[in-house]
Structure formats: structure tokens, C-alpha cells
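What follows is a short report on a single structure.
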Amino acid sequence: FLAQNDKKTILLNGQTITATNTPYIKLSYTTPQGLNKTQTSSQTLNPQNTTNDLVASTQYINLIEENCFDWDDTTPHTICTCDDLNTIDYNSTTLGWTYILQNNLNFSNCDSTYNTDDGWRPIGTEAAKFSGNFLGNNKTITNVYVNKPDTDYVGLFGYINSNSSDINNLGMIDSNITGQNYVGGINGRNGTVNNSYNTGTTNGTGSRTGGINGSSGTINNSYNTGIVNGTNYTGGINGNGGTINNSYNTGTTNGTQYVGGINGASGTINNSYNTGTTNGTTYIAGINGIQGTTNNSYNTGTITGTGNNIGGINGGYGTVNNSYNLGNIKGASNVGGIIGYFAAEKSVINSFSTGSLKGTSSSTNFGTIGYDGGGTITNIYWYDSNSIDSASPSECIQGGRTNCTYLDDTNYT
């Protein structure tokens, strides 16, 4: 075993060192924790005597790619390399520690196993969840590659134990992450993500895919600019459930049903916005695809659904307060500028839409609410930006304009 700062004489087994063959030292070893590592000298060996196979003992090797991961009781534990990051889920003890990222990481410069075949192994699984905290320290991680289309809980982190475990101040750049269910640009499931962002592509072959988080958890002051591709429960920020505060999405979000520019389904969205395009079949919206509560939020992105229940803010069965839509909306039936399908036990209050609205079934498309199931409506309005087009809806809500103010080109100011 080599202790720190040990100096050892190295025999070259009869090899002659010359100025032309530029030899170097590669050291492969196993750590006391059982991790296999390889390090390479930062400089080539200079010949001391071309007829002697013994390198002079006064010449030392400076190893690069030295890891700063510490196994002592110091907290937070430092992360300096991709290998350090890969050490977090070594055992149940390390999964519960608090970590701090010391510098920017680029996976293109790391061990090739992280970028080939199925790529990076997400931190935390359903059986061994991450229960610690990760301090991004305003650093970035670039070019993370995960190709696990048949695996659940996929992201840089896969499965976080509870919302008491945080990921803070982290930037994910140009990642390409693919998983099955519970897939996120930063995390697959649970946890709290604060002051973080993702610019890469996130793909889910199953359900619950989000640009930041796949499902549940809490997301604060974060954003996504990357493309999100999923099936059911797909969101620009979060796939399903949870709470989203002061966050935004500018990337395109593609899915089948329950697709939202911010959140796919359920949960609570506060003070957030979407400017990205949202595409899907049924229950498609600029903020929340289905259910949930939206407060003080807005959408300006284009919304396209090929089926029913398409809304500027909510696709159906949701509550909307103090929010608005400026984006253009296309769908088949139950298409509304604010909500597609409005359920009896829900409410829409102090909200409006000014985006154009087109539906293939005009009898169930209305300026603010596509289908009115009898919920509470207070102080909402619709500006019919296409009032001169006979193909646009002629009413604020189903059955007339009660509790909804209608404005057209002649009286909108």
C-alpha cells in the first residue's frame, strides 16, 4: 500500500528511457473502500541515464485526476471529480451524507464508461435511496449521459428518500438522459430542488417525466430550457405531483396525455410561468395538464392537443387563481383559454386568456372554459383575438357569458 506522500523507486524492467519514446507512469490501484481507480502522471519521464534502467530517485511523479472525496467525519464531504460523484452511493452511510461540489464537471473528460453503453448510474435507487443533501455550490455538470429506457428512477439522481433531502444551486448543461418511469433532468423522484436548472434533453419511455424532477418533491426557484419527451404525466419542470414555486420552463414539452408546460398532473404551482411549446393528445395545458392548483402563474407558449380537454392554464379538473394565458391553443373538444374541462368542485378566480383558440368541435370550445361542469367562477375574462373569424368560439363559457367578461376587437383596450 502507498501512503500519502510516499516515495518509491520504480524499476523499468530493462526498458531504456530515451528522449524520443516519452514514457509516463500509469498507476492502477484499489482504494481501501474497494473502488478501482487509475491515475496517470502529468509529465513524461526524463532520461537520467540512457544505459541504466533505474530512474533516478530524485525524480518524482505528480499524479493528476486526484480525487478529493473524503471518508472522514468532515461535513460537507467534497466532490471534485466524476469518480467522486460516483462514490456517493457506495453504501448506506455515504448515501446519507451532505456533499459539496468543488468545481465544474464535464463528463466528456471523465472515464469513458460514464458516456458509453447505458452511461451514468443514477445516484439512489428504490432499494437504496439518497437521503443526504447535495450542495451544487453554483457549479455546473455538463454532458451527463444516461441511456436506460427500461429502467425506472433515472436522472443525475435517481430516487431521493424524502423532501427533507435537498439538491441546491446546481446547473445541469447539455445532458442527455433517458429512462422509463420517474425520469428527471436532475432527479427521478422525491426530494427538494432549489435554485437549480437544466438545459439538456430528458426522455421518458414510460410515465412521469420532467425537465427538473420526474415526480413528487418540491421545486423552488429553478428552471428548465431543455426538451422534455415523455408519455403520460410529462412536464417541463415536473412530471407529476409535488409543489413548484417561483420556477419557469422555456423548453418544448412533448407527451401523450396529462402534459403541462410546468407540471404534468396534480400538485400545486405558485408564481411560475411557461413560454415553451406544449404538445400532446388529451389533458394538455400551458401550466398543469390535469388536476392540481395553479396560483399567480402564466403561460405564453403555444399549446397543441390532438384530443380533448385542452387548456391555456389547466387541461381539466384543476383550480386556477390569479393566472392568465397569452398562448395560442389548438385542440379537438373541450378546449378553453383557461381550463379545458371544468369540474363541479373546482374554481377559477381572477384569471383571463387572450390567446387565439381553435377546436375541431366548436360546440365544446369556449374562450375561457371548454366544458363547464358547474364549478365556481369569479371575475374571469376573455379577449377574443380572432373575433372576426367565424371559426373561433363565440362565448366565454359554455351556455353564455355569465360571470365572464367578453371582449372583442371593438371594446378591448
Side-chain angles (χ1 to χ4, degrees), residues 193-198 210-213 216-225 228 233-253 255 258-278 280 283-303 305 309-329 336-343 346-355 357 367-370 375-383:
V193 179
N194 301 310
N195 306 307
S196 299
Y197 64 89
N198 173 54
I212 299 291
N213 201 57
S216 305
T218 299
I219 300 168
N220 301 312
N221 306 306
S222 299
Y223 67 88
N224 172 68
T225 64
V228 180
Y233 304 100
T234 303
I237 296 291
N238 186 61
N240 177 65
T243 300
I244 301 168
N245 301 311
N246 306 309
S247 298
Y248 68 88
N249 172 64
T250 65
T252 297
T253 305
Y258 317 134
V259 183
I262 296 292
N263 195 50
S266 304
T268 300
I269 296 95
N270 302 311
N271 306 307
S272 298
Y273 68 88
N274 172 63
T275 65
T277 298
T278 307
Y283 292 102
I284 314 301
I287 300 294
N288 206 5
I290 189 173
Q291 301 174 337
T293 299
T294 301
N295 302 310
N296 307 309
S297 299
Y298 69 88
N299 171 71
T300 65
T302 299
I303 303 158
N309 306 325
I310 316 299
I313 301 295
N314 182 272
Y317 295 95
T319 289
V320 177
N321 300 308
N322 307 307
S323 300
Y324 64 89
N325 169 64
L326 307 183
N328 297 329
I329 308 168
I338 297 176
I339 295 180
Y341 187 102
F342 189 42
K346 303 300 181 178
S347 63
V348 55
I349 300 172
N350 300 329
S351 300
F352 67 89
S353 176
T354 67
L357 190 147
T368 58
I369 294 174
T376 301
I377 298 173
T378 304
N379 192 31
I380 65 174
Y381 75 85
W382 168 51
Y383 164 51

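In what follows, residues are counted from 1 in the order of the sequence shown. Source: prediction; values computed, not measured.
- Thr378 contributes atom OG1, which lies 7.5 Å from atom CG of Asn350 (distance to the nearest 0.5 angstrom).
- Between the CD1 atom in Ile284 and the CD1 atom in Ile310 there is a gap of 5.0 Å [rounded to 0.5 Å].
- Taking all atoms of both residues into account, the shortest heavy-atom contact from Ser323 to Asn296 is OG-N, 3.3 Å.
- Separation of atoms CG (Asn224) and OG1 (Thr253) is listed at 7.0 Å; rounding is to 0.5 Å.
- Exactly one residue among Asn245, Asn270, Asn246 makes a side chain to side chain donor-acceptor pair (under 3.5 Å) with Asn220. That residue is Asn245.
- Each of Tyr283, Tyr258, Tyr317 was compared with Asn309 under the side chain to side chain donor-acceptor pair (under 3.5 Å) criterion, and only Tyr283 meets it.
- A distance of 11.5 Å separates OG of Ser353 from CD1 of Ile339, quoted to the nearest 0.5 Å.
- Below 30°, between 30° and 60°, or above 60°: for Tyr381 and Phe352 the angle between ring planes is below 30°, a parallel geometry.
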side-chain contact (heavy atoms from CB on, under 4.5 Å) assessment of Val348 paired with Ile369: CA-CA 9 Å; Val348 55; Ile369 294 174; 3.8 Å; yes
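- Of the possible polar contacts, one joining the Ser272 side chain to the Ser247 backbone as a donor-acceptor pair under 3.5 Å is found.
- At a threshold of 4.5 Å between non-hydrogen side-chain atoms, the residues Ile244 and Asn263 count as touching.
- The aromatic rings of Tyr273 and Tyr298 sit parallel to each other, their planes meeting at less than 30°, with 60° as the upper class boundary.
- Residues Lys346 and Thr319 approach most closely at CD-OG1, 3.5 Å, considering heavy atoms.
- If you take OG1 on Thr368 and CD1 on Ile380, they are separated by 3.5 Å, rounding to the nearest 0.5 Å.
- Of the residues listed (Ile338, Thr354, Leu357, Ile303), the one engaging Asn325 in a side-chain contact (heavy atoms from CB on, under 4.5 Å) is Ile303, and it is the only one.
- Of the candidates Val320, Thr294, Ile313, Thr294 is the only one forming a side-chain contact (heavy atoms from CB on, under 4.5 Å) with Asn288.
- Of all non-hydrogen atoms in Asn274 and Ile287, the two that sit nearest each other are N-CD1, 4.2 Å.
- Ile290 contributes atom CD1, which lies 7.5 Å from atom OG of Ser266 (distance to the nearest 0.5 angstrom).
- Minimum interatomic distance between Ala265 and Tyr233 (heavy atoms only, all atoms of both residues): CB-CD2, 3.4 Å.
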